[in-house]
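First up is the structure itself, then whatever we jot down about it.
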Amino acid sequence: MLVYKYQVMKKNGIIILGAFFLFVAFAALACREAEAKITGDCEACHGLYPGMLESAPGGPLKFVLQNALCVDCHTNSTRDTLKHIGQVDVPVVFNHVEPVKPLAGGNFYYVSRDFGDRYGHNVDGIAPVDRKHNGAPPGYDRQSDPSVIGYNPGKTLACSGSNGCHGDRNIEDPFKAIMKNHHAEDRPIDGSTTARSYRFLKITGKEKGVTGIEDDEWERNRSPKKHNEYTSGINRLCANCHGDLHGSINTGKESPWLRHPTGVILPERGEYLKYNPDDPPPPGKTGERIYSTEAPVARGSLTSDLGEIVRPGSDSVFCLSCHMAHAGPYKFSLRWDYDAVTAGEAGKGACFICHTEKGE
Ligand code: HEC
Ligand code: HEC
Ligand code: HEC
Ligand code: HEC
Ligand code: HEC
């Protein structure tokens with residue numbers, strides 16, 4: 001029988017809810033174990049982080065390690081982006097050395113070193129507060145943020161909670177905002193709970209979470225056939241903190257070009273009919289193109305047979321067509337080197353995956 005070693009008896013007034021709580025939790029978990037997402041050797045994880053479930057008498061559970069705990073468990077000191085704890089694979093979003101096969105969101109390695117601030121989200125525990133934006137999300141618009149707490153630029157950006165992206169943004173505490181979800185049933189991904197939202201992206205308890213289809217390896221081995229599927233719901237998640245960058249103001253052909261139209265369906269005409277020209281579909285497949293992992297599209301509807309087919313007239317350009325959600329090797333957390341694109345080095349940028357006839 002596995003025994004927890006929560007290290008909780010060390011301080012005055014702090015006692016373990018202990019055997020009783022865990023017995024109840026264990027019993028509850030055992031009942032839904034067949035469904036639970038993380039199962040297996042409890043001690044492998046809970047022994048690593050003895051403070052994970054600590055409580056003062058009568059008080060709420062307090063999570064001593066907070067955001068640092070999320071970062072720590074999802075970090076690897078080697079180049080590999082999956083690490084193993086017991087029988088479980090942990091998706092790694094922060095490698096201490098340059099990662100091989102970064103996962104779908106990119107990798108926080110690129111904001112952690114001397115690259116500078118421009119390469120992505122400066123999350124607490126990984127990078128200091130961004131100097132250009134001084135901790136505030138660029139384009140923040142309180143009206144577009146459904147969180148009752150709102151973003152607090154006086155505090156650091158976290159993985160989850162009201163100052164983070166994952167979990168319930170109506171809850172300030174990063175740990176509470178995600179509590180119970182690592183062990184919860186996470187299918188179907190319908191946005192009804194945090195676990196049942198795409199990658200725990202719930203927005204708030206009241207809003208419907210982000211939907212999509214999750215690649216079982218977090219895109220570690222992505223290809224046109226095997227990848228995550230997104231819906232435009234993720235634009236709304238980004239708009240929580242970047243609302244002004246989401247609207248239609250300053251989009252279009254004006255110069256300077258500030259904001260790209262987002263959520264717009266690839267028109268069924270002109271250059272868009274040649275989306276991803278370097279990887280054409282077999283002859284005879286009119287109206288069908290092949291998915292590009294360099295400039296992905298969001299799906300109009302999620303059916304199980306999407307695979308590698310992209311359909312202008314149905315699939316749309318979205319925030320992650322151009323940006324990595326976490327961080328990456330290029331400025332503005334872009335998927336490619338924008339300087340090379342503006343210098344006119346055709347073919348170097350994902351712009352041309354959609355704008356196949358530049359200047360049309
Ligand atoms: C791969 C790591 C991992 C393993 C293995 C693991 N846990 Fe957890 N557990 C977590 C994390 C992370 C959290 C906190 C975040 C959350 O609740 O989503 C957690 C939270 C909990 C909680 C509080 C939240 C809840 O769901 O009620 C309980 C109780 C718990 N675990 C029990 C167990 C038991 C029992 C086992 C063995 C069957 C186990 N855990 C195995 C990682 C793990
Ligand atoms: C003890 C290790 C551990 C800790 C601590 C932990 N996680 Fe995880 N996390 C995991 C594992 C293992 C998985 C993969 C579970 C699975 O297979 O879906 C995971 C999955 C995730 C996912 C992806 C879910 C999906 O759909 O694949 C997110 C997002 C996440 N964790 C966020 C967090 C946040 C935020 C915290 C802190 C509040 C946190 N994690 C703390 C181990 C951990
Ligand atoms: C909880 C708030 C929050 C959410 C949600 C959020 N961001 Fe951010 N974002 C920030 C903050 C704060 C900054 C500025 C600090 C920094 O760059 O680390 C930022 C900066 C950025 C930058 C500029 C990066 C740089 O270093 O120049 C980009 C690009 C970006 N976000 C894209 C996105 C995308 C795409 C999404 C949706 C997947 C998103 N953000 C969701 C808070 C958020
Ligand atoms: C077609 C590509 C494309 C799409 C789609 C796109 N962006 Fe950008 N974004 C860019 C480029 C290019 C830049 C850098 C522009 C510049 O030079 O200021 C940028 C810059 C940003 C910045 C940094 C602004 C600053 O002042 O530092 C944020 C934040 C951002 N985008 C968020 C978003 C969000 C949120 C969405 C979805 C609603 C989105 N972007 C959709 C291409 C795109
Ligand atoms: C995923 C596909 C996609 C990518 C990648 C993309 N665009 Fe677009 N772009 C579109 C769509 C769709 C429209 C809207 C077309 C319409 O409404 O007729 C558009 C519109 C524009 C417009 C407005 C003018 C027009 O034709 O409507 C400009 C300018 C533009 N894109 C520049 C860029 C640049 C620069 C990049 C790279 C940083 C880029 N685009 C990347 C799909 C994309």
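Heavy atoms only: backbone and side chains are in, while hydrogens, waters and symmetry mates are out. Atoms within a ligand are numbered from 1 in the order they appear, just like the ligands themselves. This structure is a prediction, so every number in the text was calculated from the model and none was measured.
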Show the atoms of ligand 2 that are less than 4.0 angstrom away from any heavy atom in [X].
X    : answer
F200 : 21 (C), 22 (C), 24 (C), 28 (C), 29 (C), 30 (C), 31 (N)
D89  : 12 (C), 14 (C)
S160 : 35 (C), 38 (C)
E214 : 26 (O)
Y49  : 1 (C)
C159 : 35 (C)
V88  : 12 (C)

[X] and ligand 2 - part of the residue with a heavy-atom distance under 4.0 Å:
X    : result
L69  : both
P174 : backbone
C70  : both
W218 : side chain

Tell me yes or no: between the side chains of [X] and [Y], is some donor less than 3.5 Å from an acceptor?
X    : Y    : value
T211 : T231 : yes
N76  : H96  : no
S192 : D190 : yes
D72  : Y49  : yes

Considering distance alone, does some N or O of H323 sit under 3.5 Å from an N or O of ligand 4?
yes

**Message:** Would H260 count as being in polar contact with ligand 4, using the rule that some N or O on each side must be under 3.5 angstrom apart?
**Reply:** no

Original post:
Would you call E214 and R187 a salt bridge, using N to O less than 4.0 angstrom?
Top reply: yes

[X] (side chain) donor-acceptor with [Y] (main chain) under 3.5 angstrom:
X    : Y    : value
N95  : T78  : yes
D215 : N228 : no
K83  : C73  : yes
E271 : E357 : yes
N170 : V148 : yes

Quick look: Y338 vs ligand 5, heavy-atom contacts under 4.0 Å, and the answer is side chain

With heavy atoms and a 4.0 Å threshold, my read on which part of K331 contacts ligand 4 is neither

At under 4.0 Å between heavy atoms, what of C319 touches ligand 4? The answer is both

Under a 4.0 angstrom heavy-atom cut-off, which atoms of ligand 4 come close to [X]?
X    : answer
K132 : 25 (C), 26 (O), 27 (O)
C322 : 1 (C), 2 (C), 3 (C), 4 (C), 5 (C), 42 (C), 43 (C)
C238 : 35 (C)
F318 : 5 (C)

At what distance is the nearest protein heavy atom to [atom], and which residue and atom is it?
atom                    : result
atom 4 (C) of ligand 2  : C73 CB, 3.2 Å
atom 35 (C) of ligand 2 : I178 CD1, 3.3 Å
atom 13 (C) of ligand 2 : P91 CD, 3.5 Å
atom 15 (C) of ligand 2 : I38 CG1, 4.0 Å
atom 17 (O) of ligand 2 : K37 CE, 3.6 Å

Checklist entry - Do the ring planes of H182 and H74 sit parallel (below 30°), tilted (30 to 60°) or perpendicular (above 60°)? => result tilted

Review point. Mind checking whether Y230 and F318 have parallel, tilted or perpendicular rings, split at 30° and 60°?
Key: tilted

Review point. Hey, do the aromatic rings of Y110 and Y330 have their centres closer than 6.0 Å?
Key: no

Open item on the list: At less than 2.8 Å, would any N/O/S atom of H182, backbone or side chain, sit next to atom 8 (Fe) of ligand 2?
Closed with: yes

(request) Tell me whether H74 has at least one N, O or S atom under 2.8 Å from atom 8 (Fe) of ligand 2. (result) yes

| Any N/O of R199 closer than 3.5 Å to an N/O of ligand 2? | yes

[X] side chain near [Y] side chain, heavy-atom distance below 4.5 Å:
X    : Y    : result
I203 : P146 : yes
E229 : Y291 : yes
R196 : I189 : no
H242 : Y140 : no
D117 : K132 : no

Here the atoms of ligand 5 under 4.0 Å from any heavy atom belonging to P261 are 20 (C)

One finds that the ligand 5 atoms under 4.0 Å from a non-hydrogen atom of S321 are 1 (C)

Which of D216, T293, N221 passes side-chain hydrogen bond (donor to acceptor under 3.5 Å, both in side chains) with K226? It is D216

Taking every heavy atom of L273 against every heavy atom of R289, the minimum-distance pair comes out as O-CD, 3.1 Å

Heavy-atom contact check, 4.0 Å cutoff: does [X] meet ligand 5?
X    : answer
F352 : no
L266 : yes
W336 : yes

- prompt: Can you find an N or O of R269 that's nearer than 3.5 Å to an N or O of ligand 5?
  reply: yes

* Asked: Hey, does R118 sit under 4.0 Å from ligand 4 if you only count heavy atoms?
  -> no

Of all the N, O or S atoms in H355, the one nearest to atom 8 (Fe) of ligand 5 is NE2

